[in-house]
Amino acid sequence: MSQQAELERTVEGMPNWPGDGLTRVPYWVFQRDDVYAREQEAIFQGPVWHYLCLEADIAEGGDFVTTFVGDAPVVVTRDSEGAIHAFENRCAHRGALICLDAKGKGKKDFACVYHAWTYDLTGKLTGVAFQKGVKGKGGMPPEFKISEHGPRRLKITALHGLVFGSFSADAPDFKSWLGPEIEPKIGRVLAGRKPVVLGRYTQVLPNNWKLYVENVKDSYHASILHLFFTTFELNRLSQKGAIVVDETGGHHISYSAIDRKTNTASADYAQQKIRSDSKYRLADPSLLQGFDEFNDDVTLQILSVFPTFVLQQIQNSIAIRQVVPRGPDRTDLHWTLLGFETDTPEQRLTRLKQANLIGPAGFISMEDGCVGGFVQRGVRAASREQAILQMGGSTAESSESRVTEASIRGFWKAWRAHTGI
Amino acid sequence: MSQQAELERTVEGMPNWPGDGLTRVPYWVFQRDDVYAREQEAIFQGPVWHYLCLEADIAEGGDFVTTFVGDAPVVVTRDSEGAIHAFENRCAHRGALICLDAKGKGKKDFACVYHAWTYDLTGKLTGVAFQKGVKGKGGMPPEFKISEHGPRRLKITALHGLVFGSFSADAPDFKSWLGPEIEPKIGRVLAGRKPVVLGRYTQVLPNNWKLYVENVKDSYHASILHLFFTTFELNRLSQKGAIVVDETGGHHISYSAIDRKTNTASADYAQQKIRSDSKYRLADPSLLQGFDEFNDDVTLQILSVFPTFVLQQIQNSIAIRQVVPRGPDRTDLHWTLLGFETDTPEQRLTRLKQANLIGPAGFISMEDGCVGGFVQRGVRAASREQAILQMGGSTAESSESRVTEASIRGFWKAWRAHTGI
Amino acid sequence: MSQQAELERTVEGMPNWPGDGLTRVPYWVFQRDDVYAREQEAIFQGPVWHYLCLEADIAEGGDFVTTFVGDAPVVVTRDSEGAIHAFENRCAHRGALICLDAKGKGKKDFACVYHAWTYDLTGKLTGVAFQKGVKGKGGMPPEFKISEHGPRRLKITALHGLVFGSFSADAPDFKSWLGPEIEPKIGRVLAGRKPVVLGRYTQVLPNNWKLYVENVKDSYHASILHLFFTTFELNRLSQKGAIVVDETGGHHISYSAIDRKTNTASADYAQQKIRSDSKYRLADPSLLQGFDEFNDDVTLQILSVFPTFVLQQIQNSIAIRQVVPRGPDRTDLHWTLLGFETDTPEQRLTRLKQANLIGPAGFISMEDGCVGGFVQRGVRAASREQAILQMGGSTAESSESRVTEASIRGFWKAWRAHTGI
Amino acid sequence: MPSINDHFFAIARAQSDYARCIDDDRLEEWPSFFEEACLYRITSAASHRDGYEASVVFANSRGMLTDRISALREANIYERQAYRHLLGMPALLGQAANGLRTETSFMVARIMQDGTTDLYATGRYLDIWNTKGETPKIVERIVVCDSSRFDTLLAIPL
Amino acid sequence: MPSINDHFFAIARAQSDYARCIDDDRLEEWPSFFEEACLYRITSAASHRDGYEASVVFANSRGMLTDRISALREANIYERQAYRHLLGMPALLGQAANGLRTETSFMVARIMQDGTTDLYATGRYLDIWNTKGETPKIVERIVVCDSSRFDTLLAIPL
Amino acid sequence: MPSINDHFFAIARAQSDYARCIDDDRLEEWPSFFEEACLYRITSAASHRDGYEASVVFANSRGMLTDRISALREANIYERQAYRHLLGMPALLGQAANGLRTETSFMVARIMQDGTTDLYATGRYLDIWNTKGETPKIVERIVVCDSSRFDTLLAIPL
Ligand code: FES
Ligand code: FES
Ligand code: FES
Ligand SMILES: [Fe+3]
Ligand SMILES: [Fe+3]
Ligand SMILES: [Fe+3]
């Protein structure tokens, strides 16, 4: 069956999408193998940009890291001229991983361990062991041309120290991919200073990757699920703040800033009788004593680039989150915690302390780590039922209010456009 | 695709049923994902009654427990008027588990942890956080009516302290569901006295749920697989006893009573040369010294209600078994061991000792716990082969003899009627 | 649906095979459930011979072992006349494993634990407990004939102490199955002497079974992946040696012998710049001091019989490897290490030392144990891509050079012929 | 060494011998670790917390322990399997009326005949020891498993 | 017994009490195993090797440990779960400026409310102890997990 | 303390150091736990029971142990991985001709580069120790794994 035919068949096999397309999401999208396969094809190997690593991870020629774009293992390298390359970590011969290490330095080329086919730092096949055979016997036939083979290579782009790649030649220009609103806010956090990796870990999520992405884009839950935000006024819906959703719907920014006017929030909260407005206080409040890093009073900026990249500023806790699907009900969330060369020792210590807010043990993020599993289990028998996404209306537009699911609707708008589901 | 169409498609995809329908069972029914999916739909979410809990588990207003009906997580509650309610443990908003705890008391309402949508004890959606937004911004659109949303609620019925529920409005009246023969035998064990939960545990079975249900209904194996029964004369096929199969075939009772006439069984057993007739004796026979609890000489009564409820009386060991499928080849068996308020200390101790017969370490039940796995593994490569169910003929009728598979045939009769397979 | 129809449906559902059929292998063959199911049917239950055990494992009447033919559990026995029998380890009644033990002696018959249906050593059903009921009640209907039921029995053949079986009556005569070239080389290792089992263990491979079989047939990798071979001159492509591929393509022999002429290999290796040509030496070289067991200077003979049997001679390390698929991405590799009754103590010690070369911790075999997983993971996202099998041309013929993938192409030739894929 | 209770080593040794006895499949010796008059129960943390009286295994005499083993050997049908116990350091909690109270953590792996190995049970032994004799004997052992889920069956004692 | 460091038993006991304190869900007592001025970090072997400064959990005061517990009790949402620690024998590595350095291996199983049990974390404690007082107190504890993968969340301290 | 064999602590310490040596990836030091003339074998409980002579790993000289390590370091291809050993209390079984016989239970978790952690092996060390020197040295170690299934490969010694 042709690839195209295969695709149509796949999409056809699925139930119809309920409702108007953005305010209802059928739970089968988090459960079905065919949906997962379609996503791999249309999104992860499609004309979409995916975060690969930091430029700082491959600072020098010969440096490399391995990562994943969806299910695909990928090698990212920097060559001696300083150019960045990425290619599928799959030998052109019979498919073994070309590179077994998570990272390394001083690499000149890659030799597959199985039969020593060799690749340069660009992923180009440069050698086939015994291509001419031994003593003129065996070897590859003359019609075999090394130049015609090699792993799939990714298109590469870099911005503010972030490296993105795409398997598809049709991936749009990265700037237009991001649109006018996203790039400056990435710049706000990363531009003009040298990042230092402070830490790395992986959180294994017991749920479909899209449930985590919804969570990231979900400004509605922040003040309700996370007691820390509200109690310590890291984030109040009544603070200044807004949601930005780009034109495609796929990217978003949610931010909040200190509202120096009298804060009427408590009243609002009282009305909702939300458990998250407790009288809870810290014994060592130094945990939350931050410094004004951006001179803009913005205490929180969560930014996502479709489909699986997140850049986080929570006070002075700066981190990148890379979402990697591992199956319909399992997701790897890779955290990279950042500081900057210019950090003073006090600032650095502040970042180390605020790291307690994020990651698997994060006072905030631990809850985002389990709530996706609560949904995956909650909808187990409800593949024909639907989620309701009407908070803040039915569109996927930017809004001053963060009591909205606009950016989640935006995600589905982009996801449906890409998958055709 | 419509639900109906989907169903037909599912059932159509399956091989044909071999034979006359009751004397042969194709092994693919224990293996295929589509069969499992069909069961979830037609049986677990269909017009069928499922055991939920004991009334005693939710004795007071504000008490609740969580359980499963097939794949569906369910919350069971008692309201302040004493009425019992059950609803799917899935938030109407975006599907998170509404209740995370296994049980609790003094509950007034349930607030979903994700966005604090609240539900009363009946499962009715009563509140949506920030429905009106904050300072008039955001919130739900006017056309959103809280009354139109909520988790699926179950129809509830209770009998002799047992709570049953159904997702389907078409579930028949419970008494007629049970038929005339079953209810009195439930009453025999439970009516007119207050149960006390003595213990609880879960046995994880490495096999399809139907293999366990077959085992429960299988009076043929009892005296052969279980050395204890025969050796200690807990149960002899030549004792007085019988099998009762209800009209639908789905429910059954198997019982045996002391035969005070001379016991000719040994001879029968000798003829069969069955390993289960050993000379094995206990060092501490107090394990099996029971008391006559029902004044009817009935030492064993196993009763099942289609599809997954079992009420057991083995001497003075009274237990409820709830069978929960976890996939085509995995099943949770939840045991609830019962005593009664009227128990004397001696009687209570007897129950504690006889508990050694049941559960994962039960001298009897441990074997029922592994034999299903022996079948699941035995038929691994035999999806096109069939089980033979001809013991005692080809019908699903009650019989005085327990050397029959009548009640297993009955199960398949009911299962096929419900699934349409 | 009829079995035939089912088959066609299965094969039809699959993508088309790329290329000319032998020089390209699509990665979906290592991933798809339907391919796995088709293999079970056409190969493991088809007219194909499968290794079961050693004659020595069931040396006496009443001895038995249990094993697997693909997914099917199988019992192999020797009766009192010394004849060997094998049958599916699945009770004719309701499918329980008939035999729970890995091996045993002095067996007269098998009684299923569930309802004591009994089988003789040939797998014939000989008794049905309570067939006539008890006191004339219950039991099997008169039309039930014991003679018409029983587990599927395998056709059996034995050669040089090896026992093979087939589920299919259509399996060809074993000698013609092997063809003229294979049998003598099995004889070379095993004929005319009594084997002694020195050890047994199982290596669990994280990959499709065919990736391991490819590895066994892959003479190209031997000198590259395995440093030991090259460094200690156990095997040089420039040694005397050859690949033998039988007419069907399914069987192969790869061997190498000491080349007593000047060895020009190093040069060849130098040219390839292969990491495997190190200066690495042993502190205790006694590990590799072998004895000339066959008076033919052949230091290595790897022989495979389609689909999953391997007979290995690496110096004096003689072993049988049985490959058992456990799912599309999991395989059990069962090792049986052999010595012979005629071994002197010194020779026996040599075998024990050389056992360090093989198995999960083998200086050689550990690499074969992981490389299949490297491929399984490497091709994870590449089901539409293909492996290249052009080393040594495009045919599946014997060749003097071992710088060829001829025997791997042979495997696919046979695999495609059997599966129809 | 005042910080070390005199009974500590004797009990640690007894615990270790107990585990080896089971893991080596010398089950016939298992009852001999107990007093003639003893209590042995296997329960779960949840049941223990809820005060449930019934157990997964209940024996209030050494005879019942013997019966467990003879049942396993002569009567019950189950697949060959083995355990591997690993124990924490016993915590001595002081003298009770009937002996010395201790608490000891355990992890038990189960190995099936085909080699499949899984973490079968974790929990703690709540024990009372008679330390009068040459080697300490168990007067009471409540095996509190952390989980109330048991895979397939529990044949061999914990 | 020259081969036995005088502090060995006191520290082995403290380690065992520490584990029981967590496994018994007496988390409020957990900070009391530390000095007022202390350092507690959870990191991974890879991060430790790469010298990363940030941690999965970071506390440089006993107050922060207290805050961890009150957050778990009062603030954070997560499913009920429990740990079972099993510890190796502490290795005494000599005196540092601020106390006695030890290293202790651990395995931790996590048991969820429904009984699901898995091997949640393995690794080693890199500790510095103040052995001056009656019972040793932790001055510094770096929990180096062998893996940098954490399933779902890490709520209860290791 | 009569109940404690004088060698007990020295051997418990040696066992613990042995495990740390492997778990810390100081494999070059591993052979030094053995006598020059030694026997090291890895086998399974079933093979041990059946009296099979061959092993998963066999070394009858310290040189072969050294070769194991240099092969791992210089020759063999396998993914980066680590172990975490947890050991039971050594049981002293008395003097043999060539030294003191002991038996010690173990659980070993394997941690792959990507953090995947599984219970890789369980079993017992059947040892003979030379206790004459300053620290006990291994004369003979038979590693009897409870399972005869090995996942993928066994690269690092047990
Ligand atoms: S698979 Fe990479 S060289 Fe053969
Ligand atoms: S999912 Fe329950 S409130 Fe949003
Ligand atoms: S399944 Fe074997 S006798 Fe019934
Ligand atoms: Fe959040
Ligand atoms: Fe039974
Ligand atoms: Fe190889």
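Please read these numbers as outputs of a predicted model, since none were measured by experiment. The figures that follow rest on heavy atoms only: side chains count, while hydrogens, waters and symmetry mates do not.
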* Does C:Q203 use its side chain to pair, donor to acceptor, with the backbone of F:T152 at less than 3.5 Å? -> yes

* **Cation-pi, F:F58 ring and C:R351 (6.0 angstrom, 45 degrees)** => no

* To do: Could you tell me whether a side-chain N or O of F:N76 sits under 3.5 Å from a main-chain N or O of C:F363, the two making a donor and an acceptor?
  => yes

* Tell me, with the steps shown, if F:N60 and C:K353 meet side chain to side chain contact (heavy atoms under 4.5 Å, CB included). => CA-CA 9 Å; F:N60 63 356; C:K353 287 186 179 182; 3.6 Å; yes

* **F:I77 side chain reached by C:H226 side chain, heavy atoms, under 4.5 Å** => no

* When only pairs under 4.5 Å are counted, which of C:C370, C:G373, C:G359, C:G362 shares the most heavy-atom pairs with chain F? -> C:C370

* **Ion pair check, C:K103 and F:D50, cut-off under 4.0 Å** => yes

* Asked: Shortest non-hydrogen contact from F:L154 to C:M366?
  -> O-CE, 4.2 Å

* Charged N to carboxylate O under 4.0 angstrom, F:R149 versus C:D332? -> yes

* Donor-acceptor pair, side chain of F:E53 and main chain of C:L198, under 3.5 angstrom -> no

* Asked: Taking atom CZ of C:F374 and atom OH of F:Y78, what is their separation to the nearest 0.5 Å?
  -> 11.0 Å

* To do: Check whether any side-chain heavy atom of F:Y52 lies under 4.5 Å from a side-chain heavy atom of C:V197, and answer yes or no.
  => yes

* Structure fact -> Applying salt bridge (charged side-chain N to carboxylate O under 4.0 Å, His left out) to C:K105 and not counting sequence neighbours gives C:E60, C:D63

* Any C:S286 side-chain heavy atom under 4.5 Å of F:M64 side chain -> yes

* All salt bridge (charged side-chain N to carboxylate O under 4.0 Å, His left out) counterparts of C:K210, not counting sequence neighbours -> C:E39

* Structure fact -> Most contact-rich option vs chain F, by heavy-atom pairs under 4.5 angstrom, among C:A361, C:A283, C:A355, C:G199, is C:A361

* **Nearest-0.5 Å distance, CG of residue C:L205 to CG of residue F:L153** => 9.5 Å

* Asked: What do you reckon, is CZ of F:R80 surrounded by more than 12 foreign heavy atoms closer than 6.0 Å?
  -> no

* Choice from C:N356, C:N207, C:V196, C:L287 maximising heavy atom contacts with chain F below 4.5 Å -> C:N356

* Return yes if some donor-acceptor pair links the side-chain N/O of F:D67 with the main-chain N/O of C:L282 below 3.5 Å, else return no. => no

* Please indicate whether F:E36 has more than 12 foreign heavy atoms, meaning atoms of other residues, nucleotides or ligands, lying under 6.0 Å from its CD. => yes

* Max heavy-atom pair count under 4.5 Å with chain C, selected residue of F:S147, F:P157, F:A54, F:A155 -> F:A54

* By number, which residues in residues 119-131 of chain F have some heavy atom less than 4.5 Å away from chain C? -> none

* Can you say whether C:L337 sits under 4.5 Å from chain F via the side chain, the backbone, both, or neither, judging by heavy atoms? -> side chain

* Tell me, for C:L333 versus chain F, whether the close heavy atoms (under 4.5 Å) come from the side chain, the backbone, both or neither. => neither

* Structure fact -> Sorted by chain and residue number, the salt bridge (charged side-chain N to carboxylate O under 4.0 Å, His left out) partners of F:R101 (sequence neighbours excluded) come out as none

* Structure fact -> In terms of heavy-atom contacts, C:Y201 and F:S55 come closest through CE2-O, 4.0 Å

